[in-house]
Protein chains: 2
Amino acid sequence: MPTPDRTSLDEIVRAGRRLLESAGLDGLTMQAVADSVGVRAPSLYKRVRGRTELVALIAEATAYELGDRLEAAAAAESDPERAVVTLARAVRAFAHERPAAFWLVFAPGGGAAIDPETLRRASAPVLRVAADLVGDDDALNAARMVTAWANGFVSMELSGAFRLGGDVDLAFEFGVARLGEALARPAA
Amino acid sequence: MPTPDRTSLDEIVRAGRRLLESAGLDGLTMQAVADSVGVRAPSLYKRVRGRTELVALIAEATAYELGDRLEAAAAAESDPERAVVTLARAVRAFAHERPAAFWLVFAPGGGAAIDPETLRRASAPVLRVAADLVGDDDALNAARMVTAWANGFVSMELSGAFRLGGDVDLAFEFGVARLGEALARPAA
DNA sequence: ACCTGAACACCGTTCAAGT
DNA sequence: ACCTGAACACCGTTCAAGT
């Protein structure tokens, strides 16, 4: 006799994302997720292979959402040098909003690696802006330079590596301005 | 009646660092560390408050060692623009050597934050080179730009975010070259 | 076909008892 | 003063038994 479904994969992932931000990765336990969706922990294994997969799904959903944000940010600015600034600010805003999830997306570990298609989707707007700025040949290199800097800046910001004085907001604007210039008007 | 010491804090931290690289952060269990130094797990608590503190000590030691490497790299190159390249390469080499520990240093979590003094020590060479390059006023901003980019690049490299084709080594050299130019010869 | 209680292996940590 | 076995609370996960 079938039992009516008491939860769903979608609900589980949503609960997981909420827990991740409120309680950290350590607080994201199967027990807590189960409680949150109103089910016993073993039932989660009907929808998810295990905690590792749940974490991967959360990272995936986060990368997808970041892609949306970047797409919207890129659409709002036609001048490529200013679009770089807009994109970088969008990354930073997203990271401040969901620090734990943002961290997860760029966390190492092989197993939880983002799906290549999601990765391509999330980086598409940056790649497009980079191509506008430096041409197709250097587009990938330029996109990687921008994403590396933006990701590194907010990662260090989130990890508390910028505690040695100075204005962090100004440091961000300094960096993104120089970055845009360097790509738009390369020396030598 | 005193018992002769069967291990030491130093040995514990060394074993922890070894385990971190060989088995990952998840494999860094108190049990494994205890086995590694030839003692039972509860004995570790005579030298360390708990696993959290052990992880923090490992991060601390790693940041310290990274500082040494950067100091040596900076000393090997007097031209500031080339010193930036040398420093960035040193960061990358260190990250490739000890990926898990490198990750730990920049991991978030408040609790495991690096000691400010160690942080200052590790960033001193970068700050010095930045000052040579752009002057004292912009030195901190420039240093943050370089470290953010370098850290972001290798973090993404380690996390497998650069899997969309293209030559990653070339992307690194492209980035560091443009970075050096941007700082040495700012536009506008 | 989903859900559950019970159970297992494993973890971090505490503590009384040994030497 | 350090070390240990035993114990506790808490994980992730499995599985037979319920509906």
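The chains referred to below are lettered A, B, ... by the order of the sequence lines, with proteins before strands, and numbering in each begins at 1.
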Salt-bridge present (A/R128, A/D132; N to O < 4.0 Å) | no
Does the salt bridge (Lys or Arg N to Asp or Glu O under 4.0 Å) test come out yes or no for A/D5 and A/K46, once each step is laid out?
-> CA-CA 11 Å; A/D5 290 16; A/K46 284 285 154 182; over 6 Å; no
Would you call A/D68-A/R121 a salt bridge at under 4.0 Å N-O?
-> yes
Pairing of DNA chain C as dot-bracket, 5' to 3': ( ) intra-strand, [ ] crossing, | other strand, . unpaired, with Watson-Crick or G-U pairs under 3.5 Å?
-> ||.|||||...|||||.||
Does a side-chain N or O from B/S43 land closer than 4.0 Å to OP1 or OP2 of D/dC2, or not?
-> no
Can we say B/E97 and B/R69 salt-bridge, meaning some charged N sits less than 4.0 Å from an Asp/Glu carboxylate O?
-> yes
State which of C/dC2, C/dG5, D/dC2 makes the closest approach to the side chain of A/R40.
-> C/dG5
Using a cut-off of 4.0 Å on non-hydrogen atoms, how would the nucleic acid contact of A/S8 be classed: base, sugar-phosphate, or nothing?
-> nothing
In 5'-to-3' order, the base (B), backbone-only (S) or no-contact (-) status of each nucleotide in nucleotides 8-15 of chain C, using a 4.0 angstrom heavy-atom cut-off, is ---SSBBB
Identify whether B/L170 and B/V176 are in the same connected component of the hydrophobic contact network (ILVMFWY, side-chain heavy atoms under 4.5 Å).
-> no
A/F172 and A/W149: aromatic ring centres closer than 6.0 Å?
-> yes
Is the NZ or CZ atom of A/R144 both under 6.0 Å from the centre of the six-membered ring of B/F153 and within 45° of that ring's axis?
-> no
Linked, directly or transitively: A/V84 and A/F94 (ILVMFWY side chains, under 4.5 Å) = yes
